[in-house]
Amino acid sequence: MTSDILNAFVLLANFIIIPSIAYGSQLALGALGITLVYAVLRFANFAHGDTMAFGTMSTVLITWWFQSLGINFGPLPTALLAMPFAILITIAAVLFTDRTVYKFYRSKRSSPSIFVIASIGVMFVMNGLVRFIIGPNDQNFADGERFIIKARAFKKMTGLNEGLAIKVSQGLTVIIAIILVIALFWFLNRTRSGKAMRAYSDNEDLALLSGIDPERVVMLTWIITAALITIAGTLYGLDKSFKPFTYFQLLLPFFAAAIVGGIGQPVGAIVGGFVIAFSEVTITYAYRKFAMYMGPDGWQPDSLLQLLSTDYKFAVSFIILVVVLLVRPTGIVKGKVV
Amino acid sequence: MKKLLLASTVLALMATPALAADIKVGTILGFTGPIESLTPDMAASAELAFKEVNDSGLLLGGQKIVSVRGDSTCIDSAAATAVAEKQVTSDNIAAIVGADCSGVTGAIANNVAVPNGVPMISPSATSPGLTTIKDNGFFFRTSPSDARQGEVLASVLKSRGIMNVAVTYTNNDYGKGLAESFGNAFKAIGGKISISSAHEDGKADYSAEVGTLSASGAKHLAVFGYLDQGGKGIIQASLDTDAFENFILTDGMIGDALIKAIGKDLNGAFGTLPGSDSGGARAFQSMASKAGINKDGPYTGSSYDSGALIALAIQAAGSADRAAIQSKLMMVGNAPGEKILPGELAKGLEILKRGGDIDYVGATNVEFSPIGEVFGTYKEVEVKGGKFETIKVH
Amino acid sequence: MSNTLRATLSFTTMAILFVIVGYAQSWSVALVIFNLCLISSVMALGVNIQWGYAGLFNVGTMGFAALGGMATVLVSKAPIPESWAAGGSDLMIAALVAVLTIASIIFAYSRTPKGTIRNIIITIFLIVGFVLFRPFFDPAVAAIEAVNPANAGYLGGLGLPILLSWVIGGLFAAGAAWIVGKISLGLRSDYLAIATLGIAEIIIAIIKNEDWLTRGVKNVAALPRPVPYEIDLQHSEKFIGWVEWLNQSTLAAVSDADRPAIISKLVIEHSGIFVKLCYSGLFIIVLAFVFFLSVRALNSPWGRMMRAIRDNETAANAMGKNITRRHLQVFIIGSAVVGIAGAMLTTLDGQLTPGSYQPLRYTFLIWVMVIVGGSGNNLGAILGGFLIWFFWIEAEPVGVWLIDFATSWMDGSNPVRLHLMNTAQHMRLFTMGVLLLLVMRFNPGGILPEAAIRPKRQK
């Protein structure tokens, strides 16, 4: 009886809750970068996914170097040690891109579409560059312990039918995401630079009138974005593996998460990330086993009790996006723009 | 987007000065794309056959075969057709070894090979749909149709007492075709498919798919995918969440790269792939190992056979004329005649020179049906101690 | 340099490039590239209509091209009676349910005041509709897909000539554009970009997964052709005679023994070129037609109004112009053109391969064409289509050759050299990106910039 309910809960936790939390954190971090750029620089950065690939590539290369030198981080992945250096490299790359590409259009006050097209150009460049340097194949760079708790160990411990597995990378993602979000909010709300950024984002002309240095704000935005991008990409790569093509594919869920949550609002990006992650999994999950646990003993439903087939998993994010655009275009947490 | 790769054209040009008497054969495989980790070995196997023929010096009085590599991209029909068009009309190849994936193979056959009268042998296109294309006798394959692999796999499962499986397949014509053929065959012998759903390659996260697959209640998961794409991701996610520990694999998943990526948790996984352990297969395997080719890689044997058949047909025809080659392919591949195994190509060339008949058996027991297909044999393999071992041949 | 001079120079250069390819590689290859360039130009024209006339940022061209491809199958393939018998009636009922549900939702939407009640009613209609839909739809689909899955497994088409599908493809795309436009056109431009990108993905997902419609990922091959088959030409007495006549001088110099072989080779070669030229002819007609219409529209009062709206939306709004409706018109027209191009492409391929619709190739590349060629300028879009596609294809062998040349002093097995050779193809992406950025920075109008209606003010 109670074990049935416990089993049902563990089942959900293992297949829906834990993966969604991890995936949602990854999406949230990515969407945060997008929303920041959108809020301050006022355009949708299509190069986000491939810049993430670039940042992760730097981490991977430095990790390999560290590994060859025999450096390791015990049970944690060596990539964590490599990350700070990779962040520096990515910051340099991103600032370089801004200086050579976007700055010109800012000075001309070009329309957002121009920025987006320019970011498409940057996307192509990053795309080709990453594949050129590291190749298009899958690269594994995770080391250290893989699991915090293994499913089988859990089953033994609790004697339940269903196991619960938590990977080190999932745990890391959630912890680091929480730290980053707290740090970001502290920065935006408590420091002068952060407030300057928010002011610039809310009303550019007034901010300039108050004496805020726009170039400094822009530079700070890119630096923060670069750090977020590298960390998000590395955590994602540790959890799955590094393959340049996948990062390009992540672009769309990031945008969906940012818009659904309310673009231009950091809180929105986080909410959006989790909404997208949870919906993808819950809408396509087959609840048959769950129903069997919760229902009367011995009941075996014929069908899989699935709302939408997993074939459409990818489309779920867009359907949600479209529904949000129809019903509440500013997003869940009222963002900028209509 | 998957791109054209002609790197080896340059390599081939570099390696030996192209003599006027060289015969060019196109090797069009997906060097970029879902099976890019398998195609280098396949190309190397075909080129191994060419090298053997060249070294013997017996082909048409000393002519050499030069392999012209082209990237079929496996998924972009327009690109594959463009590559084939270039090779046929600009490089003037005599025949094609290719392509690897069924969709682009059909495109190349229909748009380039058949209209231009170029014989084409595919080592790995297994879609049942290719059986009925109008090819005027110009399209052959040394890999059997998946219509058969589905039946073989079903009978393997039955013999192991597994009557309930979950199926996940990669969302393209290979995966879907195999899933359908397996589904029909398995149900016909009383098996139950608790769920059969697609997965997209190159995606971020497969936890949703795995969750749904496991909720179906089956204990065994059949993965019809690619070992360096979604198939691997699904196995990884299944092991992580302990959704499945028993995996059933097919040709696109069977390769060392998978064992390297997954590790010892893969022990006990089994599956089928075209191949055999006949004398010819073993002869090829030792040749391949010596040449640095992974002998267990799928379709290496059939690639070698494709190359060998073309070379032998050229000899039988007495020229590198495309139509002449096509007319002799059936003859050199089928009985009656002196049986030729891998490594015996010089012997075959000699017999043909004297006007005799041969029956090329090769690494995969080649015997063409009237429409240029092979019935084929399948190896049942299992992962034991970190390696794929052949259990039985069906 | 005036626009006309630039245009003449650019197109002449393109022509010369094609001739070079024809001699260096082969005429067949040159024609293959030429045909794809024609199709890309039509797509670029469609995108340019949306961007140049109305400043609409449509990044979902992939979906519209796919709809055009789908139309070729649905129009030209013969219907499959068994599938219709197996699931046709249930499918019709399911379709009826869907239509009724949508109609009732629209009814409720327009009749009830905005608020929670309306949302609740709509949600109820949706749920009821869904629950009624599934029991008819699911078994119909299963039955249809079970009919000979290896070679059919779908309903088939209408069995009409394939050229008709080009028009129908345009109509499909226009219909989808209407829906997409209604949803997303009120939004700001980059928002529109993301929305269209997402919707294109949804369209592709549907085509890939609904086997009963167009076989999904199993592909539909052997589509009927609007031009002769090479094999038929090779066996036609008239054609052979014509080839002999064309090559009299070559044949006269050949001995009698060799003649049949040489004739046969020539016939095969010529049949290929003839078929490709037929396609070129058809595509040129479509391109000319679309171009002509676009230019007429551009220079009409409607066109001037559209561009004026684009340049100063606030003023236009103040004047009472219904901007969203105008934008919708342009959006639909531009998407229809892309749909036609999609149908043309699938006809040329001879098969529908849903898996080959990738955003990079179909959407972003087209944008590079429009920007580099000349945004807002129809001739510029055509030039962009030719130029960028040509380089996209030729950059491959040329890039490899360049790298080989640059590293020829290295030993053949040098890992750096091998790595460079293997990854040379990725330079293609890199170069495209750099090209786009350079053009946008230093020549934002493109090679053939828009002819100003009046002197351009600095943006």
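Chain naming here is simple, since letters A, B, ... match the order of the sequence lines and numbering starts at 1 in each.
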Restricting to non-hydrogen atoms, name the atom on [X] and the atom on [Y] that form the minimum distance, rounded to 0.1 Å.
| X | Y | result |
| --- | --- | --- |
| C:Met369 | C:Ser40 | CE-CB, 3.6 Å |
| B:Ala109 | B:Ile133 | CB-CD1, 4.0 Å |
| B:Leu130 | B:Gly106 | CD2-CA, 3.8 Å |

Given the options [options], which has more heavy-atom pairs under 4.5 Å with chain C than any of the others?
| options | result |
| --- | --- |
| B:Asn92, B:Asn184, B:Asn116 | B:Asn116 |
| B:Asn110, B:Asn111, B:Val104 | B:Asn111 |
| B:Ala107, B:Ala147, B:Gly175, B:Ala323 | B:Ala107 |
| B:Ser181, B:Ser77, B:Gly177 | B:Ser77 |

Contact class of [X] relative to chain C, heavy atoms under 4.5 angstrom:
| X | value |
| --- | --- |
| B:Val114 | both |
| B:Glu180 | side chain |
| B:Asn136 | side chain |
| B:Asp321 | neither |

| query | Is C:Lys276 paired with B:Glu85 through a side-chain N to carboxylate O contact shorter than 4.0 Å? | reply | yes
Look at [options] and state which one has the largest set of heavy-atom pairs under 4.5 Å with chain B.
| options | result |
| --- | --- |
| C:Asp349, C:Val32, C:Asn219 | C:Asp349 |
| C:Leu348, C:Ile231, C:Leu345, C:Leu233 | C:Ile231 |
| C:Ile33, C:Val217, C:Asp211 | C:Val217 |

| query | Under the criterion ring pair (Phe, Tyr, Trp, His ring centres under 6.0 Å), which of B:Tyr169, B:Phe182, B:Tyr174 is the partner of B:Phe224? | reply | B:Phe182
| query | Side chains of C:Asn209 and B:Asn171: closer than 4.5 Å at any heavy-atom pair? | reply | yes
| Flag side-chain contact, heavy atom, 4.5 Å: C:Leu213 against C:Met70 | yes
| Heavy-atom proximity to chain B below 4.5 Å, by part of C:Gln234 | side chain
| query | Which bit of C:Gln25 comes within less than 4.5 Å of chain B, counting heavy atoms only: side chain, backbone, both or neither? | reply | both
| said: Would you call the rings of C:Tyr23 and C:Trp27 parallel, tilted or perpendicular, taking 30° and 60° as the class edges? | reply: perpendicular
| Does the gap between the ring centers of C:Phe390 and C:Phe18 come in under 6.0 Å? | yes
